[in-house]
Amino acid sequence: MRLFLDGVKGKLRVPVPAFLIEHPKGRVLFDTGMHPLIQHDARARLGALADVFTAEFAPGEEVGARVAAKGIEAARVDYVVLSHLHFDHAGGLATIPNARVVVQRREWEAGADADLSTQLSFARQDYDHGHELVLVDGERDLFGDGRVVCFPTHGHTPGHQSLRVRLDSGDVVLTADACYLHRTLEHDHLPMLVYDRDAALASLRRFRALRDYGARLVFGHDPEAWSSVPAEMT
Ligand SMILES: [Zn+2]
């Protein structure tokens, strides 16, 4: 629990979401969940993190299978937008072979720095698969029509980013781990481990402003809020 809300004791069972966005110009995944090896041998993949997190992850729940269940081959996903490089966001990248990977340049550079990677619990095996990269500095409108926009929400990690998706029904903001839970946003209650607290608080302010302008926020790992997120939105 304190990994999600600093100072709070107990355990928290959380969803690990990934999002498929279908746009006329391409198919986009926002985050990729965990690597399938975790289904069989979490310690082999996660090392010491397996002491902190107990993964409930069954065969068929890996992102490639989830996409296939929608009738889409993993090999035909055009873009993967990574919010950041942690194992529960970048781990499934290995199963999406042909996508261009859209990531903030400062996140990628942190992932290439041995000391910083260790400090941040990044693992190269999650993200270093030779994908074509689109390194982004700040905001990026992926298709040039305002429908799918990456924007920087640094703080959780050096180059964390979130995604704004403009649906016909309105804007949805996928916060990822710049805001784990509804409680994070309501009380500025940060997790125990934050790379840059000031930047993390600024990211929360940005989310509140987007919400005040009518955006629907989908949080990174909120079990209660997740239960009310529809399986599909248009
Ligand atoms: Zn996460």
Side-chain angles (χ1 to χ4, degrees), residues 1-6 8 10-20 29-39 42 45-57 61-63 66 80-96 101-104 106-108 110-111 116-127 150-163 172-185 189-197 199-201 203-204 207 217-227 229:
M1 189 69 166
R2 64 202 170 106
L3 286 171
F4 294 93
L5 295 167
D6 189 25
V8 180
K11 282 207 161 208
L12 189 65
R13 184 171 181 263
V14 304
V16 176
F19 303 86
L20 174 68
L29 267 178
F30 181 59
D31 286 338
T32 61
M34 300 182 284
H35 191 276
L37 180 61
I38 291 173
Q39 295 166 353
R45 185 75 186 185
L46 296 178
L49 285 175
D51 297 331
V52 183
F53 296 106
T54 306
E56 296 175 38
F57 189 29
E61 292 178 339
E62 66 276 14
V63 74
R66 300 287 289 154
V80 169
V81 177
L82 290 178
S83 63
H84 65 300
L85 299 181
H86 279 149
F87 75 94
D88 55 321
H89 298 261
L93 184 60
T95 68
I96 310 292
V101 174
V102 183
V103 62
Q104 293 282 321
R106 48 187 295 165
E107 186 75 0
W108 193 258
L116 202 46
S117 287
T118 304
Q119 180 194 330
L120 294 160
S121 299
F122 290 170
R124 286 193 79 90
Q125 60 185 0
D126 282 332
Y127 48 85
C150 311
F151 62 99
T153 46
H154 305 333
H156 177 68
T157 57
H160 190 284
Q161 64 181 349
S162 302
L163 198 70
V172 175
V173 171
L174 308 175
T175 70
D177 290 0
C179 187
Y180 277 144
L181 307 165
H182 186 242
R183 279 171 73 180
T184 316
L185 191 69
H189 195 150
L190 294 178
M192 184 178 78
L193 302 172
V194 182
Y195 175 74
D196 180 336
R197 299 184 70 84
L201 291 168
S203 296
L204 294 179
F207 293 139
L217 305 184
V218 177
F219 304 112
H221 292 290
D222 189 318
E224 283 170 44
W226 183 248
S227 66
V229 176

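Atoms within each ligand, like the ligands themselves, are counted from 1 in listed order. Note: hydrogens, waters and symmetry copies are ignored here, and every other heavy atom, side chains too, is used.
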(request) Report the name of the N/O/S atom of D88 located nearest to the Zn ion (ligand 1). (result) OD2
(request) Using modelled atom types only, decide if a donor and an acceptor are shared between the side chain of E107 and the backbone of L85 within a distance under 3.5 Å. (result) yes
(message) I'd like to know if the Zn ion (ligand 1) has an N/O/S atom from H86 within less than 2.8 Å of it, counting both backbone and side-chain atoms.
(response) no
(request) Nearest 0.5 Å please: distance from the OH atom of Y127 over to the OG1 atom of T32. (result) 13.0 Å
(request) Evaluate the ring pair (Phe, Tyr, Trp, His ring centres under 6.0 Å) criterion for residues Y195 and H156: first the C-alpha distance (whole Å), next the side-chain angles of each, then the deciding distance (0.1 Å), finally the verdict. (result) CA-CA 5 Å; Y195 175 74; H156 177 68; 10.0 Å; no
(request) Measure from the side-chain N and O atoms of S83 to the backbone N and O of Q161, and report whether any donor-acceptor pair falls under 3.5 Å. (result) no
(request) Check whether any N, O or S atom of H221 sits under 2.8 Å from the Zn ion (ligand 1). (result) yes
(request) With the Zn ion (ligand 1) as the reference point, give the N/O/S atom of D177 that is nearest. (result) OD2
